[in-house]
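Notes follow once the structure below has been shown.
Below, chains carry the letters A, B, ... as their sequence lines are ordered, and counting in each starts from 1. All heavy atoms count here, side chains included; hydrogens, waters and symmetry mates do not. Note that the coordinates shown come from a computational prediction; the quantities given were computed from them, not determined experimentally.
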Protein chains: 2
Amino acid sequence: MKISKDHPRYRSLVTRERMAAMVEEGNVSTTGLIAHGRGEAFDYLLGEITVPEAGLAEKVAAALLLRAKHPVITVNGNAAALAARELGDLARATGALVEINLFHRSEERLRKVCDFVEKEMGMKVLGREQDAVLEGIASDRARCTSQGLLAADVVLIPLEDGDRAEAMVKAGKKVISIDLNPRSRTTLAAEVAVVDEITRAVPNMITWAERLGERPEEARAVLEAFRNQDNLAAIMRRICVGLDQGAADRSER
Amino acid sequence: MKISKDHPRYRSLVTRERMAAMVEEGNVSTTGLIAHGRGEAFDYLLGEITVPEAGLAEKVAAALLLRAKHPVITVNGNAAALAARELGDLARATGALVEINLFHRSEERLRKVCDFVEKEMGMKVLGREQDAVLEGIASDRARCTSQGLLAADVVLIPLEDGDRAEAMVKAGKKVISIDLNPRSRTTLAAEVAVVDEITRAVPNMITWAERLGERPEEARAVLEAFRNQDNLAAIMRRICVGLDQGAADRSER
């Protein structure tokens with residue numbers, strides 16, 4: 001379908017078509033598309049912008065990644081489809097490793113997504129050989145690498161499911177989420193919850209990583225001052241105000 | 001994927017798998033899956049129940065269909081996948097015609113969805129031969145039938161897009177929507193907006209159609225007393241309260 005650039009929701013529609021194409025290619029699962037739709041709804045309630053609280057969380061997330069000993073960024077099918085290149089840049093800016101972790105896992109799909117992400121990022125990723133398991137998860141999704149996720153002290157988990165997010169916290173890792181649902185289990189489990197659309201969030205995090213990399217004192221201060229729960233509560237209030245006011249004109253159907 | 005019946009969100013997960021299977025069969029488009037995801041997010045904010053305001057709108061919708069001269073129910077791919085059988089029962093209970101209208105239209109898909117819906121409903125539907133257009137829409141989606149949508153005075157439009165909903169209102173039709181987004185253009189265009197999940201909404205509407213069919217005075221009174229905007233405002237307040245309170249434990253990721 002051809003989308004007019006004049007359409008008020010051009011960006012969202014282009015992304016949607018991109019996701020549909022990624023299903024055809026086998027990088028995104030069909031239920032991954034449904035998850036993307038859920039994200040769209042929450043983004044719509046936020047006004048499809050990086051709200052100030054999200055901007056703050058992105059700064060704090062960058063600081064946390066910079067100060068980590070062994071930071072890892074996990075990438076699933078949706079994250080790969082939407083922001084592989086940007087996540088690669090963030091890994092370079094923070095010294096993090098990248099590990100592929102699929103929700104709907106098959107050997108074939110795992111290879112396919114690894115190939116796609118390595119090409120997009122221009123760097124090697126972990127996850128082809130999963131030699132470890134994350135405690136507390138019963139399914140295939142427990143699988144990970146000993147070099148990457150298992151050894152990590154700080155993990156960035158964009159668009160991750162709740163079971164895995166909670167298992168990572170239980171395993172003692174500091175978790176940074178990127179998830180548009182302000183009440184999801186992933187968001188609630190995170191030490192730093194970024195409630196923002198991934199293609200807006202990651203470039204902001206790269207900018208902060210570059211700036212704070214040169215100002216370690218500021219990075220430390222930003223981390224100490226951050227109150228994740230207060231930040232989330234402010235986002236919830238913002239959504240309510242939006243529901244009461246003129247969210248209507250941004251709606252699409 | 002096998003889903004445990006113990007899973008707190010069993011129903012939602014089964015529906016999700018059903019939608020994914022419907023994509024394989026060609027009844028549902030990939031962007032239809034994304035739309036389903038948006039619905040899931042709003043349903044989650046409503047607590048995945050028929051809230052009292054939705055229950056009232058379902059009663060009023062049944063009354064409006066019963067009192068119509070030429071009621072029509074439009075069915076797209078998502079509506080067909082989720083509730084074809086129930087929508088057929090509603091058509092029988094209210095004397096409405098059924099017309100197929102796809103968002104992503106192709107001759108092949110149109111035939112496929114018509115076949116599927118006729119088999120599920122056990123009755124003939126309109127839409128194979130589209131001999132009319134709805135004014136005010138530029139695309140293929142303007143196409144409809146002269147016998148059905150064009151002649152209708154009351155139209156039930158489950159999961160419909162905003163352009164078509166607004167065009168129907170401009171064409172002088174009384175529109176009943178079923179849409180989980182309380183601020184969508186479809187919801188805002190409707191005379192009676194049902195903000196509920198389709199598989200919960202339609203059976204309720206059937207029950208009301210059967211009861212009110214025997215009580216025409218009550219049907220008239222119910223219609224007269226209904227204030228759609230007040231009803232929507234109450235739903236919005238309900239979502240805000242849910243965001244502030246314990247929606248967390250119902251979350252899935």
Original post:
Within the side chain of A/Tyr44, is there an N or O that forms a donor-acceptor pair under 3.5 Å with the backbone of B/Asn181?
Top reply: no
Original post:
Got B/Leu45 and A/Leu45 here, is their nearest side-chain heavy-atom distance under 4.5 Å?
Top reply: yes
Subject >> Most chain A-contacting option - heavy-atom pairs closer than 4.5 Å, from B/Val23, B/Leu33, B/Ile239 >> reply: B/Leu33
Original post:
Which one of A/Thr30, A/Ile34, A/Asp43 has the most heavy-atom pairs closer than 4.5 Å to chain B?
Top reply: A/Ile34
Original post:
With B/Arg143, which residues qualify under salt bridge (charged side-chain N to carboxylate O under 4.0 Å, His left out), at least two apart?
Top reply: none
Original post:
Where do B/Ala41 and A/Arg38 come nearest, in terms of heavy atoms and distance?
Top reply: CB-O, 3.6 Å
Original post:
Ignoring hydrogens and geometry, is there a side-chain-to-backbone donor-acceptor pair from B/Arg16 to A/Thr31 under 3.5 Å?
Top reply: no
**OP:** Using a cut-off of 6.0 Å, state whether more than 12 heavy atoms not belonging to B/Arg109 lie near its atom CZ.
**Re:** yes
**OP:** Could you tell me which residues satisfy salt bridge (charged side-chain N to carboxylate O under 4.0 Å, His left out) with A/Arg111, sequence neighbours excluded, listed by chain and number?
**Re:** none
